[in-house]
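To start, I am sharing the structure in question, which I have written as structure tokens.
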Number of protein chains: 4
Amino acid sequence: MSVHEDAGERRARAGRPRDPRLDEAVVAATLQLLAEEGYAQLTVERIAARAGVGKASLYRRWPDRVSIVLEAVSRNPERPSAPDTGSLRGDALTYLRTLVCYRSLHFDAISAISGEALSDERFGDAFRAGMTEPTIAGLRVILERAVERGELPAGTDVALLSSVPPALLLAQRLVAGRHPDEAFAERIVDQFFSPAGELPAPDPVDPDESELP
Amino acid sequence: MSVHEDAGERRARAGRPRDPRLDEAVVAATLQLLAEEGYAQLTVERIAARAGVGKASLYRRWPDRVSIVLEAVSRNPERPSAPDTGSLRGDALTYLRTLVCYRSLHFDAISAISGEALSDERFGDAFRAGMTEPTIAGLRVILERAVERGELPAGTDVALLSSVPPALLLAQRLVAGRHPDEAFAERIVDQFFSPAGELPAPDPVDPDESELP
Amino acid sequence: MSVHEDAGERRARAGRPRDPRLDEAVVAATLQLLAEEGYAQLTVERIAARAGVGKASLYRRWPDRVSIVLEAVSRNPERPSAPDTGSLRGDALTYLRTLVCYRSLHFDAISAISGEALSDERFGDAFRAGMTEPTIAGLRVILERAVERGELPAGTDVALLSSVPPALLLAQRLVAGRHPDEAFAERIVDQFFSPAGELPAPDPVDPDESELP
Amino acid sequence: MSVHEDAGERRARAGRPRDPRLDEAVVAATLQLLAEEGYAQLTVERIAARAGVGKASLYRRWPDRVSIVLEAVSRNPERPSAPDTGSLRGDALTYLRTLVCYRSLHFDAISAISGEALSDERFGDAFRAGMTEPTIAGLRVILERAVERGELPAGTDVALLSSVPPALLLAQRLVAGRHPDEAFAERIVDQFFSPAGELPAPDPVDPDESELP
DNA sequence: GTCTAACCGAGACGGTACGTCCTGTCTTAGT
DNA sequence: ACTAAGACAGGACGTACCGTCTCGGTTAGAC
């Protein structure tokens, strides 16, 4: 390390360092509360209490309540991979099955702030970064492979089609009030990610009576 | 004083009647504030101020803040009809074009409460009643006609397919941050409501660079 | 009142008027807490709790904690009168006896803020207005009568002499830790407000062992 | 290692010894802040900042904030002596003139905690030890000499009379807002420490317009 | 000359009070 | 009986300080 070490860096090391476990505890508590009671009921004091942390430790890390929430819902490093199974149907099924088994806590938390994306740009960014972008990116790869293989026609609107599953999963959660399951993932695959002629036999379950909106 | 007169009614008629214009002003103010600043920023005092009304007049009509919001977002009797143009593509195009020209204020207001549907049953009901159900009902009719006509295979998941447009419209609004337009409606129709073989020429706009999520 | 009535005044009458009992409750609670636990331990939340009042009602009336305290200790409308008994000794005895029987709560409260008078002009003003000025004013009258009568020499430093009792009462409270009583008042009168030659027989109590500082 | 050596002492000597200059810096900073801004505004962090010291160094030396203040105001070993000039007037004048030239910083600091003496025994002790007792002790000697000389009558309330100057000096500081000066000391001597018949000519300054309370 | 234990500044930690703002209720005066 | 205005108790906001703790680094005395 250079002897001309930056004074700011040296200074940054002075004093007791922040406990990184608190970051985790706060993020976890925020996601729990968001998922359990919604954004409107979320208070800083309850986050602090749930995390077993003082309010000052929150405000040392984030400037306000909104920033805490944004960090919590944006922390989504895991993204399902898009393995090449050889067919569109296989790829999509693998991918969406993994997705619906995804951490439902994070899914609910980010759904709880969806409405705020309308009025606050930062929520929009967090929503995209935590929810739609990682989901869509994988689907896009799968769909492009399918177009190359000829399973889908060249004119297929890949961008639109790849946005359907996250939109349906969100709507399913908001409208039906329960977490999308593997059966729902399969239903999506059957309808939208199966090349024509490969449609399976009609679902024995009467779709009109399903809980779909 | 007639003894035949119902005491309850007489009592209800006694004194100065409520000014019905205040109801409208409150509902309008609530929808504006919801659309502009989101549910989290919505306060009773700001509703009252925007409507030019005293807080007591709000609490005389509704028991609490949630009820005000629910009434405001539920006031949406208008539902686009589903005229029979003779083809799935024509029906869907007519229907969705009408839908995207829908009152955007109401659309935004109801989107703003979508996240609360997760944690509060009443918001879920209002969201369904105001957003998804009226939209889906029309589409269902259209799709069932298309199945009868043979434009869609018998195994088509009508319930799932009819839920795609509202889900995409909501996601488009939340993710792209702007109102869906007629072009977006056409894109949906092209991809999902055109019988195989009737797909139009590929869209000159590169879909990868569109603002779709 | 003028017909050109000030709009501000008219406006001041709109809405629910403030409950004057709350003012009293707050002042009483503040004086109690000041006297019981001192200024350093005095918190707004404890004042509010003791008075059975919301914090907002405090901040509606006063801008901050200091102002609440200042109002409480400045509320001292009662001032002992200075009746003319015909002699300096009689006047002073009557006056000081009344004084030591004075509301000890208020006496303690104002003593508790004495130190703040050093650093904050407002506390100095409140201290003067609530403690020294009303006490001294009466003594001054008594002393001036005594000079006229010839009971005190013409060169008597009336201002200095009239400031002795409040100073001694304060010091007695702070140093001895108990309220000055009638015996203490009599001791002051004997020493400072009895014309030469009228001194009573030496006090049987050994003054060296008294609790005087 | 000698077995005779006290383990506690050895332990006490181990490691780096405390820097005694920090003690001084802290005491000085505390007295300054007390005098400048009062006890209520005194915070440990401001003491540390003013002294250029870390908070831990304070809490290594004293258990809490109160203890710091008590040590600071108790560090006052100097006490004016009471030289025998041969007359009450001369003794008192010498003594009180010295007193008013006293370190005004310490005088203010200890005055600032006077109010806390009411509610906290430790402050009462410190106040007595630092303010009234050393002052009164000297005056008592002077007054007892005067009684022996016959300058004061045998019935004189020495305890009461000796408590007058510190009480007046404190009151003068708190009420008038400025430090007592030599003129004030002389005024006290003229009124209370001059044998009858030895009163000087009336003060040319109109006492009614003086700043005395 | 190490070794080592207590020192030092800095600052994070849980907790409490500040003064502000909003909720849902209430109490005025006026329509 | 309605209206606007606004006071009321209660509670969350974001800030500042308390007394404790933990970090990297310093400094005397013991070995």
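Atoms considered below: every heavy atom in the structure, side chains included; atoms not considered: hydrogens, waters and symmetry mates. Convention: sequence-line order gives letters A, B, ...; per-chain numbering from 1.
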Checklist entry - side chain to side chain contact (heavy atoms under 4.5 Å, CB included) with A:Arg122: which residues, sequence neighbours excluded? => result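 For A:Arg122 the side chain to side chain contact (heavy atoms under 4.5 Å, CB included) partners, ignoring immediate neighbours, are A:Val66, A:Ser67, A:Leu70, A:Asp120.
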Checklist entry - For DNA chain F, what residues of residues 26-44 of chain D have any heavy atom nearer than 4.0 Å? => result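 Contacts with DNA chain F under 4.0 Å: D:Thr43, D:Val44.
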Checklist entry - Sequence neighbours excluded, which residues qualify as side chain to side chain contact (heavy atoms under 4.5 Å, CB included) partners of A:Arg61? => result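 Only A:Arg18, A:Leu22, A:Asp23, A:Ser57 meet the side chain to side chain contact (heavy atoms under 4.5 Å, CB included) criterion with A:Arg61.
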Next on the checklist: Counting only side-chain heavy atoms from C-beta out, which of E:dC13, F:dG14, F:dT3 sits nearest to A:Asp19?
Outcome noted: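 Nearest to the side-chain atoms of A:Asp19, counting from C-beta on, is E:dC13.
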Checklist entry - In whole angstrom, what separates D:Arg21's CZ from E:dG9's C1'? => result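 The distance from CZ of D:Arg21 to C1' of E:dG9 comes to 14 Å, rounded to the nearest Å.
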Checklist entry - Between E:dC13, E:dG19, E:dT23, which nucleotide gets closest to the side-chain atoms of A:Leu22? => result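 Nucleotide nearest to A:Leu22's side chain: E:dC13.
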Checklist entry - Hey, can you pull the residues of residues 45-62 of chain C with a non-hydrogen atom under 4.0 angstrom from DNA chain E? => result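 Only C:Glu45, C:Lys55, C:Tyr59 qualify.
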Checklist entry - How far does CG of C:Leu118 sit from CG of D:Asp108, to the nearest 0.5 angstrom? => result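 The CG atom of C:Leu118 sits 5.0 Å away from the CG atom of D:Asp108.
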Checklist entry - Separation of A:Arg18 atom CZ from E:dA10 atom P, in whole Å? => result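 In whole Å, E:dA10 P lies 17 Å from A:Arg18 CZ.
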Item to check | For C:Ala25, all residues meeting side chain to side chain contact (heavy atoms under 4.5 Å, CB included), sequence neighbours excluded | outcome: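 Here the qualifying residues are C:Ala51.
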Checklist entry - For C:Glu37, which residues count as a side chain to side chain contact (heavy atoms under 4.5 Å, CB included) partner, sequence neighbours excluded? => result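 Partners of C:Glu37 by the side chain to side chain contact (heavy atoms under 4.5 Å, CB included) criterion, ordered by chain and then number, come out as C:Leu33, C:Gln41, C:Arg46.
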Checklist entry - Could a donor-acceptor pair under 3.5 angstrom be found where the side chain of D:Arg16 meets the base of F:dT26? => result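 Counting by modelled atom types and ignoring angles, a donor-acceptor contact under 3.5 Å is found here.
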Item to check | Contact list for residues 65-74 of chain B, test salt bridge (Lys or Arg N to Asp or Glu O under 4.0 Å), sequence neighbours left out | outcome: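 Counting only pairs at least two positions apart or across chains, the salt bridge (Lys or Arg N to Asp or Glu O under 4.0 Å) contacts touching residues 65-74 of chain B are B:Glu71-B:Arg75.
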Item to check | Those residues that, when tested against C:Asp64, pass salt bridge (Lys or Arg N to Asp or Glu O under 4.0 Å) (two or more places apart) | outcome: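 Salt bridge (Lys or Arg N to Asp or Glu O under 4.0 Å) check on C:Asp64 returns nothing, list empty.
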Next on the checklist: Per the ring-ring contact (aromatic ring centres under 6.0 Å, His included) rule, what does the pair list look like for residues 29-61 of chain B, sequence neighbours excluded?
Outcome noted: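 Sorted pair list: B:Tyr39-B:Phe123.
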